[in-house]
Amino acid sequence: MQKNTRQETYKIVKTRPLKRQGKLNFSINSGVFTCSECEKEFEKPWLLKRHSKVHHISNQMATNTVLDEPEQAELIVENTISDANAFDYLSDEDDSSSIGDEEDNIVDKENDIVNNFFDIEMNSNPVFNAFSDMFSSAAAADEVSMTDDDSEIPEEVFETIGAVNDPTSCYPFHNLPTMILFAFIDGDNDMISQQMLKKILLAMNLIIKIQQETPIGRIFKLPRLDALLNYQARKKSKMPVFPSQRISVFGSNGNTFAHIHLPSDHLRFLMANPKKSKLISSMPDRIPNQSICLEQGEKWRTHHLFQQPMHTINGIDVWFGNIVYLKTNDCSIRFLVESFHTANKNIFARGYLVRAISIVCYGVEVAVTDLRVEQISHVDTTPVERDHYYSISSSLTRLSPAHDFLLFGVHPMKKPMPLSVLPGNVDRDAVFYKVRIVSIILFTDNTSSNRSKQYNPFESWLMRCAALPFKDRNLIANIQFLSTIPKKDGANGMSLLPAIVDDFKKLEKGVKMFSAEDNEYVVADTPCHLELCGLLGPATTFPCRRCYIELRRAKDFHYVLANLSPGRDTEIPNAPKIGMNMPANEISFRGCSIDRLLELQSFDPEKDTPVEILHTILLGVAKYMVIDLVKVVLKNDTATIARLSEFLTDYTRSTGLSKKFTQNLRHSGSFLGRDFKVLLQILPVILITEFSGNHELDLVIPCFIELGQLCSLVFVCQVASDFDNYIIRVDNAVKCLIRALFDYNKGTKNELHKAYCTKPKVHYLTHLKEDIIRFGPALNYETEKGEQFNKHICEHLFHTNCQNTSRDVCLKFAKQVALQHVIDGGSWINSSGNREMSGTGIERFIKDNNESLFYYTFLGGSRELKDNNDTGDIEDDAIQNNSFGAFVFKDDPISRPRIGLVSGSVVKFLSIVPRTDNDRNNNYAKAVMTGEHSDVANMNLVCKLDLHIFRNPFYIVNLSKFGSYWFIFNNILFDE
């Protein structure tokens, strides 16, 4: 690459001395650039540069005719800013630059910085282009390797002016900017991560671009350090401030204080955000026999707080209880509206047909009817009289309670607008606030402010909007932080529940908020579900929150539904036997702040605490079995363990899995959830194909086969069809797993073996079917993303002075929320009580300067939470050479998928041979080459498959790979 030796000069404009510390002043006035050889004038320095290189051999420096002295131009910056690196919150590496003494961080304010090496237009800027290329590759691989290879970053990126271009004057550095950056990174003990360095370089580039676009004569200023770090406390600041509430929590040493972001405050910002307002609210979806989102779960379809009571049709709000005319020729039929829902991307009204029996007598049908909202003509405003309406079943009867409430009751969400906001000619009683239902998922977990995670425990609360699509729901930007509190002196995360519950009780009744989608105030109703229960733990006599099963005894198991009476903290009736009352503490319930959850209408402690697959399956049953295999069954068999490790190592060459298993089996006790995810997809097929006939493994192999089949079923994001059959297969897989564990427990003679079939986590799986019916596939309520988010909370805790951690962490997250809200174009209430929004110049600047790069670098995109579920979901660039998958022809996308092997530019097709009983029992299928093929360009990949093991002439289809079992049986082997 040709070296850029462009030189520039500027006319320096003197600026008034700073009155206070912490302020940067820039003032630059570009002049006319004249060639010293031929006196030709140029408007841009790079044009002069090119002219000199082409027409003149000498390398004399171009001078600015405005300057009195032939001096080398420079950008003079007076710097009095304290070292902002002390606040390296977002570093993805260990960063020891915690806040220190102020005098250690003061930079010499007389230090002049030559900072003129980014000075050309953004689109042709080598700095921008070089780092844009690096960031683009980082966005794809989420990892940028910064090496000392000069070919990765062009030398002209760090070019500057004057004598700096002489390499001998800066030896051994390429130039002065390189020296400055080396000093910045390695000059002292302050640490800076690679990610933070990339952010700094991009910020420098964008700021200098803005400086160059500053009109001549205007002073370009950077904000003071205090204005950046403490704007929330400055009266003149126009930035919105996200509110944090200071609450009192009870502890063993009296009351202490904590800070919290209330869910209602998060919703106010989200509703006023034009990019998120449309996504966070949704109606129930009633497509039958399908589960692709939470809206299709039983709770969303049946719970009264989740039902949409109104919808706007042709500019008219149609409400719960309205009688409407239909677009039909029969005027005797009207429709009584109950709620609204979606199905197949259409909006439907659910209600009851109203038939005219006589001139003044009307009958309301008992059968529920759904009709598209386009069939509604207008609302009937005629007053309704109770004596004129009846319910119709087989005959006319008095109005049923449901019909009576629809006609004469008042929906709790139907709130009239005040007269002050209505025009004078509008009937006050006819105009109401629109209603948006925003369902919330709460998550709580423990973390630590110590890097060893052994000391200083904290408990935190997070919030997500359930209506968001699965992938969006797991993005960092869509995970809202509520609070964190040190776990000491009797205070813990549950101590925050009273404040959270009080806020949710208000939301259940409806809170007025501004909606960017509607451009007006609406009433937000917010039901919730969360993973909490009032049990003491799995070591108690009755550990299940769903049923009173006494797992610690070998007989007299009792499955009685957990009681929901308000007084359950004192006495549990009918437990564990019918007609027998017991104190709550003997049945494992405890009285604490969790009981406040019983005050919520939207929370059912028995149904709304779903089985969580990370801790129940991966860190439960899977961990039991892997440790049992390595440290019990094969404890003294080093040869078999070595063979097994070889096969696991060989499997790293498989293209069917996005993650590789690289751990040592001997360390199975310290495996994380992600390690078990990979291991469970490959261990069953390895054991059955390579170790069959090993008498030591014959009893344990069936457990892994059944566990692999269950995991392949539950680790799916959605079930697009045949959901009822999916439920049956999941339930059967759970029963087969428990049966295999029981047979293993009964048949083994190893004294080190422990019984697993009576473990509480194994019993919890028996309720998995109920949870999938209520909420959809188990990945919809996994907690792994919440666990991953803990690293961000930990980093904020590391950078506090440990004096008021709850306040400091809340403040940092509050600033993030406010900044993202402004950049997204959201609106807010200012100090005068007026609503205002961010200027259009922000959006325009970001779009003009690589919007995706800006969001990726500055707004968390580079540290997005990893999705290691390996469910077989397809990305645009997922087709790799020598990889297996299920394909469909592009010109016939609804055709039956075919298994294929990508080989260069073609796809070679395979077919599954009829399965034997042995194949079914061992959870795999066998495929052979058909000799047919097609061009890759003609095919669409619909699911990634794993056929790594080859037993001539058969390829083994690994049905333990997550998502493979259900896909194969729902699309290829659906006849079985």
Side-chain angles (χ1 to χ4, degrees), residues 283-289 295 298-344 346-416 427-435 437 510 523 525 601:
M283 301 179 187
D285 192 296
R286 299 187 185 276
I287 299 178
N289 210 14
E295 295 94 308
E298 180 187 64
K299 179 174 183 178
W300 210 307
R301 291 178 174 181
T302 59
H303 198 286
H304 70 279
L305 286 179
F306 287 76
Q307 308 311 305
Q308 180 67 30
M310 59 79 58
H311 183 67
T312 303
I313 304 171
N314 297 325
I316 303 298
D317 292 343
V318 179
W319 275 89
F320 163 98
N322 282 161
I323 296 177
V324 297
Y325 284 99
L326 305 178
K327 295 178 181 179
T328 64
N329 295 326
D330 189 353
C331 298
S332 64
I333 299 178
R334 294 174 296 165
F335 187 75
L336 176 60
V337 177
E338 183 179 47
S339 63
F340 294 88
H341 64 270
T342 61
N344 297 313
N346 295 311
I347 299 177
F348 290 81
R350 169 160 288 195
Y352 308 90
L353 292 177
V354 179
R355 300 184 181 276
I357 301 173
S358 65
I359 298 178
V360 294
C361 182
Y362 306 95
V364 183
E365 291 188 354
V366 174
V368 175
T369 301
D370 295 335
L371 54 84
R372 292 180 59 174
V373 294
E374 290 81 2
Q375 296 177 252
I376 295 177
S377 174
H378 60 278
V379 177
D380 184 359
T381 59
T382 306
V384 178
E385 298 184 21
R386 181 175 273 106
D387 294 339
H388 294 171
Y389 281 83
Y390 300 87
S391 293
I392 303 176
S393 54
S394 58
S395 61
L396 288 180
T397 62
R398 301 175 69 91
L399 281 175
S400 67
H403 293 165
D404 187 83
F405 182 70
L406 278 173
L407 291 169
F408 304 104
V410 179
H411 196 280
M413 294 294 104
K414 193 173 184 179
K415 298 184 177 182
D427 182 6
R428 179 189 185 282
D429 296 329
V431 181
F432 304 88
Y433 286 111
K434 289 180 171 63
V435 174
I437 307 294
V523 171
D525 177 29
Q601 298 181 50

Problem set entry | Atom CD1 of I316: over 12 foreign heavy atoms under 6.0 Å | no
Problem set entry | S391 side chain reached by H403 side chain, heavy atoms, under 4.5 Å | yes
Exercise. How would you list, by chain and number, every residue that makes a side-chain contact (heavy atoms from CB on, under 4.5 Å) with T328, sequence neighbours excluded?
Worked result: L326, D330
Exercise. Does I323 reach the side chain of L407, with side-chain heavy atoms less than 4.5 Å apart?
Worked result: yes
For this session: With sequence neighbours excluded, tell me which residues meet side-chain contact (heavy atoms from CB on, under 4.5 Å) with Q308.
Result: M283, M310, F340, V435, R436, I437
Exercise. Do the two ring centres, one from H388 and one from Y362, sit under 6.0 Å apart?
Worked result: no
Problem set entry | NZ/NE/NH1/NH2 to OD/OE distance under 4.0 Å, R398 and D404 | no
Problem set entry | ring pair (Phe, Tyr, Trp, His ring centres under 6.0 Å) assessment of Y389 paired with F408 | CA-CA 11 Å; Y389 281 83; F408 304 104; 7.3 Å; no
For this session: Starting from the C-alpha separation in whole Å, work towards a yes-or-no answer on side chain to side chain contact (heavy atoms under 4.5 Å, CB included) for T312 and V318.
Result: CA-CA 6 Å; T312 303; V318 179; over 6 Å; no
For this session: Measure the CZ-CG distance between R301 and D285 for me, rounded to the nearest 0.5 Å.
Result: 6.5 Å
For this session: Taking the side chain as every heavy atom from C-beta outward, state whether V373 and H311 have any atom pair closer than 4.5 Å.
Result: yes
Exercise. How long is the span from the CD1 atom in I287 to the CD atom in E295, to the nearest 0.5 Å?
Worked result: 10.5 Å
Problem set entry | Worked verdict on F335 versus L353 for side chain to side chain contact (heavy atoms under 4.5 Å, CB included) | CA-CA 5 Å; F335 187 75; L353 292 177; 3.8 Å; yes
Problem set entry | Considering all heavy atoms, the nearest V368-Y352 contact | CG2-CE2, 3.7 Å
For this session: For residues I376 and L371, determine if any side-chain heavy atom of one lies less than 4.5 Å from a side-chain heavy atom of the other.
Result: yes
Exercise. Looking only at heavy atoms, which two atoms of W319 and N322 are closest? And how far apart?
Worked result: N-OD1, 2.7 Å
Exercise. Just how far is it from atom NE2 of H411 to atom OG of S339, taken to the nearest 0.5 Å?
Worked result: 9.0 Å
Problem set entry | Check: N346 main-chain N/O paired with N344 side-chain donor or acceptor under 3.5 Å | no
For this session: Supply the atom-to-atom distance T397 OG1 to Y390 OH, rounded to the nearest 0.5 angstrom.
Result: 10.5 Å
For this session: I would like to know whether I313 and E374 meet side chain to side chain contact (heavy atoms under 4.5 Å, CB included); could you show each step before the answer?
Result: CA-CA 8 Å; I313 304 171; E374 290 81 2; over 6 Å; no
For this session: Hey, could you give me the CG/CZ distance between D370 and R286, rounded to the nearest 0.5 Å?
Result: 7.0 Å
Exercise. To the nearest 0.5 Å, what is the distance between CD (Q375) and NZ (K327)?
Worked result: 9.0 Å
Exercise. Looking only at heavy atoms, which two atoms of E338 and F320 are closest? And how far apart?
Worked result: O-CD1, 3.0 Å
Problem set entry | Side-chain touch F432/D317, heavy atoms, less than 4.5 angstrom | no
Exercise. What pair of heavy atoms forms the shortest contact from R334 to Y325, and how long is it?
Worked result: CD-CE2, 3.6 Å
Exercise. Of all residues at least two apart in sequence or in a different chain, which pass the side-chain contact (heavy atoms from CB on, under 4.5 Å) check with A402?
Worked result: S400
Exercise. Does the side chain of S332 reach to within under 4.5 Å of the side chain of R355, using non-hydrogen atoms?
Worked result: no
For this session: Quick one: closest heavy-atom pair of V523 and M413, and the distance?
Result: CG1-SD, 4.1 Å
For this session: Check F306 against K299 and note the closest heavy-atom contact, atom names and distance.
Result: CE1-CE, 3.5 Å
Problem set entry | Over-ring placement of K415 relative to Y433, 6.0 Å and 45° cut-offs | no
